[in-house]
Visitor: 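Have a look at this one before I ask anything.
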Amino acid sequence: MKKKSRKILHLGIRTNGFRHTLVKRVLSPWRNYQNMLAASQWWSAAELQEYQWQRLQTLLRHAGRNVPWYQQLFRQYNIKPERIASPDDLQILPILEKQDLRRHHEQLAARNTLAPFLYRCYTSGTTGTPLTLYRDLHNIGFEHALLLRQLAWAGIGARERVAVLKGDTLPERLIAKHIFHVYSPADNRLVLSSFHISSRTITHYLEALRHYQPVALDGYPSAIYALANFFSEQHLHFPLKAVLTSSETLLPQHKQFIEKIFQCRVYDYYGMAERVAAIHSCERGSYHIIPEYGIVELPAADEDDSSYREIIATALTNMAMPLLRYRVGDLVQVNNDTPACPCGRAYPVVERIAGRADDYIVTPDGALVGRLDHIFKGSAHILGAQVYQPDTGHVILRIVRDENYVEQDGQQILNRLKARVNDGMQFEIEYINDLPRGGRGKFKAVVSDVQPFADVAAGGLK
Ligand SMILES: [Zn+2]
């Protein structure tokens, strides 16, 4: 690449980055939260509970006074916020569903948030449900401080340079010139396109990384895995301090491979646009639920395996749109025998992020078959694969082959899939050139068009 084209500052992204950084770093009270979070990570379980309880009381009173959705709901259920005596009493509230949020976002916005301090954002609708959400400066500041703390847990300083691979769309005119990066000086981020990683473009990525020398990568596991693959093929070395992954399910074999190629540890973290719950990885490799961020309930999600839990959470940091007992649609796996984390924090631990509820095949009798990521383990000659369920009776295994692929490779995965979904369904293999991606280029290993939790959404889950 010519030297001239290296320092690309695209005005749009630069301005957005600048505006975003202005809101985050200048207007929002993030420093207060940074100080708080530095201390609160060492609070005892009782101190964390007390903090949650104080926040919850404030939130409930606020919702009852200023949020039309909750004013009506409290009337309907005869709930008096001041009579709620403990976090357990939250259970009297019905679960807030995604479709409620989609249809009634105006009703869920607090009436007393001053317009200049109210930020509207939209989700891409990865699961077919685009949402309109409101945030206030406290929420933005808290989130920023929390992400800085996740970086700190990974050994990355707030001012250090991080390369981002997260579904940002770069301008066409740059892509046409084979430029797949933009540097955002406002927050010292090198933004790389996660859509164009291939054997033809990999040298451009390497060039940008060498030029900007980021100390860490932060992005979708599938994009970072693809990058690692090409680095490995071409025997390229790019040691980093840490890799951070989020937004997609991180497969154990991908984690291992990324750690080997970039010679550092992977810190996987979890959040969502609705910002009701956060799960971050500590230095000792545990997934910690962040209690200061939200009150997380984990009801069982799988009748046959109680270790699978659904995330229902109450956001504690966003007064502009208080979401109480919101069903996120994601699952985690817990292990009741897990001892306290050696890092010393009293934060609850989950075993792993088990993906979205629709990372599951729904069998004709309504059973959910999950944990399908294991079927891809050790698969040879396959560049990518996805399980797709178009309707109740069919499952299609989509495969992107490499040049050494033989039919047996696909058959092996199909056999593992059949062994798990043995319920009179029809299976087929489909060869494709590129894996389909959801909103903002997110990859999902399992996609089902059959509505999961159909009974649950009607009020069935206990
Ligand atoms: Zn820990």
Side-chain angles (χ1 to χ4, degrees), residues 33-52 55 87 142-158 160 162 215-219 221 224 240-256 258-260 262-272 275-298 307-311 313-317 328 330-355:
Y33 289 119
Q34 193 182 35
N35 292 337
M36 184 201 115
L37 287 166
S40 63
Q41 63 185 319
W42 306 115
W43 287 351
S44 67
E47 285 171 315
L48 288 165
Q49 258 171 22
E50 179 56 25
Y51 175 81
Q52 284 191 327
R55 289 293 309 156
F142 194 99
E143 177 105 356
H144 180 53
L146 191 63
L147 286 174
L148 288 179
R149 195 180 68 175
Q150 171 65 92
L151 282 167
W153 286 6
I156 310 298
E160 289 195 280
V162 176
V215 298
L217 279 175
D218 180 5
I224 296 176
L240 295 165
K241 276 191 180 178
V243 168
L244 292 102
T245 55
S246 61
S247 310
E248 300 170 347
T249 309
L250 174 67
L251 305 181
Q253 61 269 34
H254 286 190
K255 179 174 191 255
Q256 233 173 21
I258 293 168
E259 289 184 333
K260 191 178 103 189
F262 295 108
Q263 296 165 40
C264 65
R265 281 178 61 172
V266 171
Y267 294 78
D268 190 41
Y269 65 99
Y270 166 86
M272 75 297 297
R275 295 180 167 86
V276 293
I279 300 176
H280 286 190
S281 290
C282 76
E283 316 83 333
R284 304 304 286 265
S286 300
Y287 280 113
H288 284 292
I289 294 177
I290 309 298
E292 303 95 310
Y293 193 79
I295 296 175
V296 177
E297 303 168 40
L298 297 175
S307 71
Y308 280 83
R309 307 294 180 86
E310 195 187 4
I311 298 177
T314 297
L316 293 177
T317 69
V328 180
D330 290 332
L331 304 181
V332 294
Q333 207 175 356
V334 298
N335 177 358
N336 291 333
D337 301 328
T338 310
C341 181
C343 75
R345 296 178 184 91
Y347 293 166
V349 173
V350 301
E351 199 69 6
R352 65 181 198 109
I353 316 292

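What you see is a predicted model, and the numbers here were worked out from it, not measured in a lab. Residue indices begin at 1 and follow the sequence shown. In each ligand, atom 1 is the first atom listed, and ligand 1 is the first ligand listed.
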Visitor: Who passes side chain to side chain contact (heavy atoms under 4.5 Å, CB included) against Asn35, sequence neighbours left out?
Guide: none
Visitor: Could I get the full list of salt bridge (Lys or Arg N to Asp or Glu O under 4.0 Å) partners for Arg345, not counting sequence neighbours?
Guide: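 With sequence neighbours excluded, Arg345 shows a salt bridge (Lys or Arg N to Asp or Glu O under 4.0 Å) to Glu283, given in chain and number order.
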Visitor: Is the side chain of Ser307 donor-acceptor paired with the backbone N or O of Gln333 at a distance under 3.5 Å, no angle test?
Guide: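 Answer holds: no.
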Visitor: Is it true that the side chains of Tyr293 and Glu143 contain a donor and an acceptor less than 3.5 Å apart?
Guide: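 Yes - a donor-acceptor pair under 3.5 Å links their side chains.
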Visitor: Which heavy atom of Gly344 sits nearest to which heavy atom of Trp42, and what is that distance?
Guide: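 Nearest pair, atom of Gly344 first, then Trp42: C-CZ3, 4.1 Å.
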Visitor: Under 2.8 Å from the Zn ion (ligand 1), how many protein N/O/S atoms do you get? Just the number, please.
Guide: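 For the Zn ion (ligand 1), protein nitrogen, oxygen or sulfur atoms under 2.8 Å: 4.
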Visitor: Can you tell me which residue pairs pass the salt bridge (Lys or Arg N to Asp or Glu O under 4.0 Å) test with a partner in residues 285-297, sequence neighbours excluded?
Guide: Arg149-Glu292, Glu297-Arg325
